[in-house]
Amino acid sequence: IEQPTFPKITEMCVKMIRRVNDEEGIKKLVNETFQKLWFTPTPHHDKEAMTRKILNITDVVAACRDTGYDWFEQLLQNLLKSEEDASYKPVKKACTQLVDNLVEHILKYEESLSDSDNKGVNSGRLVACITTLFLFSKIRPQLMVKHAMTMQPYLTTKCSTQNDFMVICNVAKILELVVPLMEHPSETFLATIEEDLMKLIIKYGMTVVQHCVSCLGAVVNKVTQNFKFVWACFNRYYGALSKLKSQHQEDPNSTILTANKPALLRSLFTVGALCRHFDFDQEDFKGNSKVNIKDKVLELLMYFTKHSDEEVQTKAIIGLGFAFIQHPSLMFEQEVKTLYNSILSDKNCSVNLKIQVLKNLQTYLQEEDTRMQQADRDWKKVAKQEDLKEMGDISSGMSSSIMQLYLKQVLEAFFHTQSSVRHFALNVIALTLNQGLIHPVQCVPYLIAMGTDPEPSMRNKADQQLVEIDKKYAGFIHMKAVAGMKMSYQVQQAINTCPKDPVRGFRHDESSSALCSHLYSMIRGNRQHRRAFLISLLNLFDDTAKTEVNMLLYIADNLACFPYQTQEEPLFIMHHIDITLSVSGSNLLQSFKEVCV
């Protein structure tokens, strides 16, 4: 039998590992397979087996670069959790071996980068190794503590390719998780990290700035307490923004702002990023000053959201989103509510601005979720201190209030023609529901509607949310099913590329399945709910319902293509159609005759 080549093995691993969150049986098989393949300790003398293992893992990580690494985190968590109470911990031992050998491979690739023939290949391998180390650090940062000093010099990588930037970002993310865990790190090491990060913040673009400020936040807030260093950086960019604002107020048509546009964009982004990770209203930063820094930053960023240049507006909104993570209460300010809601509800507003507002809400919810999980872990460690529980309750209460403010506009974004807007709106709603911040019943019709989206990833996500709601609240889906069907017609109208053609209710592919087939399959199991749903749809065809003819066509398509499982289901529909025709059919024919005479 032919031995599979490395690419084939990688492809098989990628397909298997993506099913790590599948049903219990498959999940168990995936965990067992990868425990044997990757997470079983390797004998120290078998260097060849370890190298094969490292190459396989890094190849799989590299192959999943565009689709995300949730699977790896989930797999590692599952395996480590399974042996928490065991005396022998093979997975933990295997992880330690893998991390140590990954660091060795990084050093080898670094040496070989001087070899111009293999530079591209080895640069890609270097990125894959460092990315894999970050994934290990995310789940078990303790594994990387002894390697922190080895990673630090990579912050000084000269950036000329995309891979170089990825190296810097991943190293910053690793150090952010690992440095706070180090026992008595040397002052020289810490000072070097701070200086390297500051140089990167000043020199490079958004992605690098974001990760470096985040790393600086962890190092300064948790370890060095070097607040003056950060305060000087903040004042540099805050001062530049204040000056540019004054110049613009004096003369909105001045060329000074145009000439300084790159500096303006950098300042808007960096001020926001710094405010996300540092609370500048603390005495450690501003001393005895009575000035409220967060209000000043809000005023400054809000000013530039009204700028005529869309790029400036976008950067100002990004800056606001960052600031709101540190100070969520600012989202209750009237001017912020007006800004967000007007951008989301205005049909003529730029797509980029809509997406950015939705991204801001998504990032806020993700950060809150992380905070809550951390508070929960802390609570378990010191269960006697009830203050931690109260802190969590207050935090989730604020998140809930914030989402109530913007919920309607976010849901209405489902009806946007651009799939990217619908994508981020769905992400926000999914996070909101998963955190239990709103009553799910108000989202059900919108999720039913999104279940008809042309993009499979969005359909599946919306369907998954409906399944979760149905598990917790039986009957909610049935209650809003007809409203959801009507709303799905509105979604289809919005994304219809040929407005002259009527919207059809089935997929234009080999299956010809109904767009709302998932909804029907959820209701089908309960005979009473199924029949009530079908009768409600048939009632829309009654003259008194005054339903527009194109919607009736859409509903008829769905009725024709629903995934029926027994003869009784279509026969029930045919029986009721027959009754309707016997009563109103003759009247309809008579009406036509009278018109035609």
Side-chain angles (χ1 to χ4, degrees), residues 415 444-454 459 463 466 470 474-597:
F415 303 120
V444 170
Y446 293 91
L447 290 169
I448 292 169
M450 278 304 285
T452 67
D453 197 278
R459 280 206 301 273
D463 290 348
L466 287 172
D470 197 42
F476 273 18
I477 309 300
H478 160 251
M479 193 195 307
K480 295 289 182 181
V482 177
M485 281 279 286
K486 289 179 178 176
M487 216 170 260
S488 70
Y489 173 70
Q490 290 174 264
V491 167
Q492 292 303 312
Q493 272 187 314
I495 60 184
N496 186 14
T497 49
C498 303
K500 290 180 183 177
D501 297 337
V503 170
R504 302 307 300 262
F506 56 86
R507 298 198 199 289
H508 298 279
D509 57 20
E510 292 173 10
S511 68
S512 293
S513 58
L515 289 179
C516 295
S517 57
H518 182 261
L519 169 66
Y520 181 76
S521 65
M522 289 183 75
I523 293 172
R524 183 176 54 206
N526 184 312
R527 188 182 183 196
Q528 188 182 348
H529 286 176
R530 181 183 72 231
R531 289 189 161 190
F533 171 59
L534 292 172
I535 288 171
S536 297
L537 292 183
L538 292 171
N539 286 344
L540 295 172
F541 289 82
D542 197 295
D543 287 347
T544 55
K546 302 279 190 249
T547 312
E548 61 167 300
V549 73
N550 283 347
M551 186 188 276
L552 291 177
L553 173 64
Y554 175 77
I555 288 167
D557 281 341
N558 274 284
L559 284 166
C561 300
F562 275 152
Y564 303 115
Q565 281 190 330
T566 63
Q567 288 184 356
E568 187 260 351
E569 293 167 49
L571 287 172
F572 176 80
I573 295 170
M574 291 157 70
H575 171 67
H576 279 273
I577 290 173
D578 207 30
I579 292 170
T580 306
L581 287 174
S582 66
V583 175
S584 59
S586 55
N587 295 341
L588 196 61
L589 284 171
Q590 186 60 38
S591 300
F592 270 105
K593 284 175 185 174
E594 286 171 8
V595 171
C596 293
V597 171

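Note that the structure is predicted; figures quoted are calculated from it, not measured.
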Pair Leu534-Tyr520, side chain to side chain contact (heavy atoms under 4.5 Å, CB included): steps then yes or no: CA-CA 9 Å; Leu534 292 172; Tyr520 181 76; 4.0 Å; yes
Apply side chain to side chain contact (heavy atoms under 4.5 Å, CB included) to the pair Gln493 and Phe415, showing each step before the final yes or no. CA-CA 9 Å; Gln493 272 187 314; Phe415 303 120; over 6 Å; no
Chi angles and distances behind the side chain to side chain contact (heavy atoms under 4.5 Å, CB included) call for Ile555, Phe541: CA-CA 9 Å; Ile555 288 167; Phe541 289 82; 3.8 Å; yes
Kindly determine whether Cys516 and Phe562 satisfy side chain to side chain contact (heavy atoms under 4.5 Å, CB included), including the steps that lead there. CA-CA 7 Å; Cys516 295; Phe562 275 152; 4.1 Å; yes
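Inter-residue side-chain proximity for Leu537 and Leu559 is flagged as met; some heavy-atom pair is nearer than 4.5 Å. Counting heavy atoms from C-beta outward, Leu515 and Tyr554 have side chains that approach closer than 4.5 Å. Using a 4.5 Å heavy-atom cutoff, the side chains of His575 and Ile579 are in contact. Residues Val503 and Asn550 fail the side-chain proximity criterion, which asks for heavy atoms closer than 4.5 Å. Annotation: side chain of Thr580 is not in contact with side chain of Asp542 (no heavy-atom distance under 4.5 Å).
Pairing each heavy atom of Ile448 with each of Ala481, the nearest pair is CD1-CA, 3.9 Å. A pairwise comparison of heavy atoms in His478 and Ala532 identifies NE2-CB, 3.7 Å as the closest pair. Across every non-hydrogen atom of Asp470 and Gly475, the tightest pair is OD1-N, 4.2 Å.
Residues meeting the ring pair (Phe, Tyr, Trp, His ring centres under 6.0 Å) test with Phe533, sequence neighbours left out: none. Remark: Phe476 pairs with His439, Tyr473 by the ring pair (Phe, Tyr, Trp, His ring centres under 6.0 Å) rule, at least two apart or across chains. Shown here are the side-chain hydrogen bond (donor to acceptor under 3.5 Å, both in side chains) partners of Asn496, two or more places apart in sequence or in another chain: there are none. Contacts of Thr566 classified as side-chain hydrogen bond (donor to acceptor under 3.5 Å, both in side chains), with partners at least two apart in sequence or in another chain: Glu569. Contacts of Arg504 classified as salt bridge (charged side-chain N to carboxylate O under 4.0 Å, His left out), with partners at least two apart in sequence or in another chain: Asp557. Contacts of Asn558 classified as side-chain hydrogen bond (donor to acceptor under 3.5 Å, both in side chains), with partners at least two apart in sequence or in another chain: none. Considering only residues two or more places apart in sequence or on other chains, Gln492 meets the side-chain hydrogen bond (donor to acceptor under 3.5 Å, both in side chains) condition with Thr452. With sequence neighbours left out, the salt bridge (charged side-chain N to carboxylate O under 4.0 Å, His left out) criterion links Arg524 to no other residue. Looking at residues two or more places apart in sequence or on another chain, you find a ring pair (Phe, Tyr, Trp, His ring centres under 6.0 Å) between His576 and Phe572. For His518, there are no ring pair (Phe, Tyr, Trp, His ring centres under 6.0 Å) partners two or more places apart in sequence or in a different chain. Pro570 meets the side-chain contact (heavy atoms from CB on, under 4.5 Å) test with Tyr564; sequence neighbours excluded.
When each of Asp463, Leu466, Leu519, Ile477 is tested with Leu447 by the rule side chain to side chain contact (heavy atoms under 4.5 Å, CB included), just one qualifies, namely Leu466.
Considering CD1 of Ile573 and CG of Asp578, their distance stands at 13.5 Å, rounded to 0.5 Å. Put simply, CE on Met479 and NE2 on His529 are 8.5 Å apart, with the number rounded to the nearest 0.5 Å. Annotation: the span from Met485 atom CE to Ser536 atom OG amounts to 10.5 Å, rounded to 0.5 Å.
For Gln567, the CD atom is loosely surrounded, since the number of other residues' heavy atoms within 6.0 Å does not exceed 12. For Gln528, the CD atom counts as loosely surrounded, since its 6.0 Å shell holds 12 or fewer non-hydrogen atoms of other residues, nucleotides or ligands.
In this structure, Thr547 contributes its side chain and Leu540 its backbone to a donor-acceptor pair below 3.5 Å.
Within the structure, salt bridge (charged side-chain N to carboxylate O under 4.0 Å, His left out) pairs that include any residue of residues 529-538 comprise Arg530-Glu568, Arg531-Glu568 (at least two apart or interchain).
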